Amino acid sequence: MQLNEISYPDTPPIDGYGPGFFRVGGKVYEGGLLILPSGLVPWSGYEDLGEILSAAQDIDVLFVGTGAEIASVPKAMREAVEAAGPGLEIMNTPSACRTYNVLLSEGRRIAVALTPMPLA
């Protein structure tokens, strides 16, 4: 079996996560995080749609990590994102991180909005 190193030329992958934080490209970010093709920004939650809608033309799918469990997102968020063009996939945060990394390695036009895992 041959293993190949995956290259992330534009946006770094999610290296890890834990209670209240994410590690991306070797740097730790506290709280919610939005990773777009243009970069990383803090994300304060489901009503914080400005950056997402501004980047809508550059992404095909937005993954939303809802924390430890899958939870629904507000109807207003779903309608606003889908009206702007991207698909919306809701999953728990660990699944959103893994899915984001896999599709990022394939060069897909994706973004992810992450709610951190709860503090212990």
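Along the sequence shown, the residues carry numbers beginning at 1. What you see is a predicted model, and the numbers here were worked out from it, not measured in a lab.
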Checklist entry - Does Asn92 reach the main-chain N or O of Gly67 with its side chain, forming a donor-acceptor pair under 3.5 Å? => result no
Checklist entry - Could you go step by step and tell me if Leu34 and Leu40 meet the side-chain contact (heavy atoms from CB on, under 4.5 Å) rule? => result CA-CA 6 Å; Leu34 178 61; Leu40 292 78; over 6 Å; no
Closest heavy-atom pair and its distance - [X], [Y]:
| X | Y | result |
| --- | --- | --- |
| Thr115 | Phe22 | O-CZ, 3.7 Å |
| Ala68 | Pro118 | CB-CD, 4.0 Å |
| Val24 | Asp15 | C-OD2, 3.7 Å |
| Ala96 | Val64 | CB-C, 4.3 Å |
| Pro37 | Ala111 | CD-CB, 4.5 Å |

Any side-chain heavy-atom pair from [X] and [Y] closer than 4.5 angstrom?
| X | Y | result |
| --- | --- | --- |
| Leu114 | Cys97 | yes |
| Ile52 | Trp43 | yes |
| Pro94 | Tyr17 | yes |
| Tyr46 | Thr66 | yes |
| Tyr100 | Thr11 | yes |
| Val102 | Arg108 | no |
| Val61 | Pro86 | no |

Would you give the length of the straight line joining atom [atom1] of [X] to atom [atom2] of [Y], rounded to the nearest 0.5 angstrom?
| X | Y | atom1 | atom2 | value |
| --- | --- | --- | --- | --- |
| Met91 | Glu69 | CE | CD | 14.5 Å |
| Arg98 | Leu103 | CZ | CG | 13.0 Å |
| Leu62 | Leu53 | CG | CG | 9.5 Å |
| Ile59 | Ser38 | CD1 | OG | 9.5 Å |

So if you build clusters from Ile, Leu, Val, Met, Phe, Trp, Tyr with side-chain heavy-atom gaps below 4.5 Å, do [X] and [Y] land together?
| X | Y | value |
| --- | --- | --- |
| Ile35 | Ile90 | no |
| Ile14 | Leu36 | no |
| Ile110 | Leu49 | no |

Item to check | Residue pairs involving residues 38-61 (criterion salt bridge (Lys or Arg N to Asp or Glu O under 4.0 Å); sequence neighbours excluded) | outcome: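 For residues 38-61: Asp60-Arg109.
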Checklist entry - Take atom CD in Glu106; do more than 12 heavy atoms of anything else shown fall under 6.0 Å from it? => result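 Yes, CD of Glu106 has more than 12 neighbouring heavy atoms, counting only those of other groups under 6.0 Å.
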Checklist entry - Given the rule in the side-chain contact (heavy atoms from CB on, under 4.5 Å) test, do Thr99 and Val112 qualify, once you have shown the distances and angles that lead to the verdict? => result CA-CA 9 Å; Thr99 303; Val112 65; over 6 Å; no
Item to check | Nonpolar side-chain network containing Phe21, other nodes, edges under 4.5 Å | outcome: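 ILVMFWY cluster around Phe21 also holds Val28.
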